[in-house]
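Following: one structure in structure tokens, then a few remarks.
When reading the values below, keep in mind they use all heavy atoms of this one structure, side chains included, and skip hydrogens, waters and symmetry mates. From a predicted model like this one, the values you see are computed outputs, not experimental measurements. By convention here, the first residue in the shown sequence is residue 1.
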Amino acid sequence: MSAGLLAAAEPRRTRGGAGGVRFNRPRRRSEQTVWVPESLYRGSEFCDEAVAVYVKVAALDARRSFPGARRDQDPCTARVAELATMLGMSPSAVERGLTHLNRPGPDGTEPWVSTKQRTHRGGEGQSAKRYARLVPRDQAALEIPVRVAEALTPRRLRAWLHLARATAKGLPVTAAELAGELFHHTGKSAGEPLSEKTGRRLLDDLQAAGWITLDRRAGLRGRHTVTVNTSPLHAVPALAGPADAVEDGALFPVSDLVGPPVMDNRDGVAPATGDGSLATEEDTSSTTDGRAGNLSIRRRRDSGSYRAAPVDNSAGPTFRSAGHGEKRSNNSGGTYRGPGLQLSPRVWHVLEPVRHELPAIEEYVLRRIGREIGRQLSAGTGTERLTARLTARWASTEAPRRGDVGRWILGAGLVRRGCRLESCESGTTWSTGEPCHLCADIAAAQADAAAEAARAQRPAVAEPRPEAPARPRPPTRWLPWPPPPEPGPEPPGPDVREQLRAAATPEAVRQALVEHGAPAAIRLYGRALVLPHLIDPEHDEGTPA
């Protein structure tokens with residue numbers, strides 16, 4: 001195993017402290033590698049499918065998370081069906097893995113995958129965006145090729161990771177120790193480790209596929225020596241069949257590129273016929289009294305003389321869904337030829353608002369709708385009430401027009417909404433049409449609780465300290481308005497002023513300043529004669545300038 005590809009499981013100390021994350025370098029699909037945290041594949045908190053889904057989502061998200069990527073680069077936008085095709089899993093298994101990855105970790109850490117939906121309410125739109133959280137540098141992790149997750153089943157991938165960790169740390173591994181690291185995640189044995197037999201079978205499967213090299217009894221004290229391979233040493237031969245298409249010049253069928261569908265049929269009941277009978281009880285070779293063989297005679301009811309005769313249905317069913325085939329029997333003896341679906345007049349009266357949508361509903365769903373209406377009618381709910389309920393809800397919603405109408409009728413159209421009172425119909429008393437008092441009380445209590453919660457979450461604001469009272473202002477004293485200045489004598493005409501200025505003497509100018517003031521003196525004698533007496537302190541004598 002390459003030391004550069006599989007890092008040691010212990011935390012590594014880097015320059016500048018233990019901070020930072022381990023980036024996944026975007027490469028070609030055949031060379032892509034991803035860091036897988038040890039806390040993801042060890043323990044029973046995450047299912048096996050979560051490990052494989054994280055590897056693929058992190059590989060598709062590497063284009064965005066690697067340093068130097070463009071800001072507008074999208075993360076993993078593959079749909080669930082596309083992820084299932086690339087990993088060789090079912091869509092339900094991929095959704096189960098995404099559910100575990102979107103939850104917070106057991107120690108309260110952030111989820112390993114964050115999903116941002118981009119679909120509309122009707123299911124139309126683009127696929128969701130999925131962001132993979134990178135592994136911190138101070139956390140133990142393994143860098144593995146992405147092709148391992150695409151080639152192995154989720155349980156074998158987890159076993160391969162445990163073997164890779166043990167190989168990197170130089171730890172010997174036994175089948176019992178490997179099985180003790182793997183757990184059941186469903187059924188009655190959920191949370192319990194696998195059996196030693198299952199551990200031996202996983203080692204054999206990985207060795208047969210070429211992902212590990214197993215040297216039996218070659219280690220210390222008779223332990224097996226395991227060498228983990230990052231690529232299979234030999235191609236797994238596929239079952240030859242007419243469906244395998246071989247291209248011109250190809251050495252193997254095209255189906256080998258994606259891998260044949262692998263079904264684990266040695267860990268319980270499965271459709272394989274080579275591992276025993278599917279019966280719940282097996283017949284022994286001898287009875288309790290020593291007689292050989294099973295003396296009881298059991299004959300299937302659908303074979304031989306016990307086969308039921310076909311039912312004559314020449315008249316045709318009363319109602320049958322359009323566009324759907326007939327129901328098949330459980331024993332695969334042929335199609336269902338019994339009477340068709342028949343609904344009572346009361347049920348037809350209730351379904352009158354959606355009568356035009358009934359031909360598109362499956363017959364099985366129609367039977368469930370009829371049983372639900374019959375149950376509510378038997379409980380005392382009137383036909384008019386059910387019809388009015390279905391009419392009001394059909395007119396107030398547009399979702400059934402784009403989705404499954406049958407499921408909407410069962411899940412929304414016929415369900416009674418309101419309080420615990422039987423007379424309450426969506427917050428209104430059916431018999432009187434008045435608002436239900438209990439629903440009003442519940443709504444008021446919920447509003448009070450919401451207001452109280454909002455007040456509790458609101459940060460407390462400290463009250464300001466009281467300020468000292470302001471000192472009283474002194475009373476305002478209004479001074480009397482000064483009298484207007486006297487306008488003075490009327491100015492003489494231009495001729496008179498010319499004569500005065502021609503005969504003006506300094507004594508006459510100063511006398512005019514004293515008697516009439518500076519403005520009147522300037523109007524009489526002009527600035528040239530008055531200004532020298534205004535700026536001369538000897539002759540000013542307090543006259544204002």
### Task
Only counting residues at least two apart or in another chain, list the ones meeting ring-ring contact (aromatic ring centres under 6.0 Å, His included) with H162.
Y41
### Query
Taking everything shown except R368 itself, do over 12 heavy atoms lie less than 6.0 Å from its CZ?
no
### Message
Are L351 and I373 packed together at the side-chain level, in the sense that at least one heavy-atom pair is separated by less than 4.5 angstrom?
### Response
yes
### Message
Ignoring hydrogens, what is the shortest heavy-atom contact between W211 and A151? Give both atom names and the distance.
### Response
CZ2-CB, 3.6 Å
### Task
Would you sort out whether R147 and E150 count as a salt bridge (Lys or Arg N to Asp or Glu O under 4.0 Å), showing the intermediate values?
CA-CA 5 Å; R147 58 177 176 269; E150 298 176 349; over 6 Å; no
### Query
How about R118: does its CZ atom have over 12 heavy atoms from other parts shown lying under 6.0 Å from it?
yes
### Qualifying residue for ring pair (Phe, Tyr, Trp, His ring centres under 6.0 Å) with Y54, from W35, Y131, W112, F46
W112
### Task
State, without any angle test, whether Q139 and S39 hold a side-chain donor-acceptor pair at a distance under 3.5 Å.
yes
Could you list the donor-acceptor pairs under 3.5 angstrom formed by side chains in residues 61-68, with sequence neighbours left out?
from: D61; atom 1: OD1; to: R64; atom 2: NE; distance (Å): 2.9
from: D61; atom 1: OD1; to: R64; atom 2: NH2; distance (Å): 3.4
from: D61; atom 1: OD2; to: R64; atom 2: NH2; distance (Å): 2.8
from: D61; atom 1: OD2; to: A132; atom 2: N; distance (Å): 3.1
from: R63; atom 1: NE; to: L60; atom 2: O; distance (Å): 3.3
from: R63; atom 1: NH2; to: L60; atom 2: O; distance (Å): 3.3
from: S65; atom 1: OG; to: D61; atom 2: O; distance (Å): 3.2

### Task
May I ask you to say whether E363 pairs ionically with R367, meaning some side-chain N is under 4.0 Å from a carboxylate O?
yes
### Task
Show your working on side chain to side chain contact (heavy atoms under 4.5 Å, CB included) between L98 and R130 and close with a plain yes or no.
CA-CA 10 Å; L98 289 173; R130 296 180 175 89; 3.6 Å; yes
Just distance, no hydrogens or angles: give the donor-acceptor pairs under 3.5 Å from side chains in residues 434-448, sequence neighbours left out.
none

### Query
Would you call E425 and R416 a salt bridge, taking side-chain N to carboxylate O under 4.0 Å as the test?
no
### Query
Heavy-atom count around E384 CD within 6.0 Å, excluding the residue itself: above 12?
no
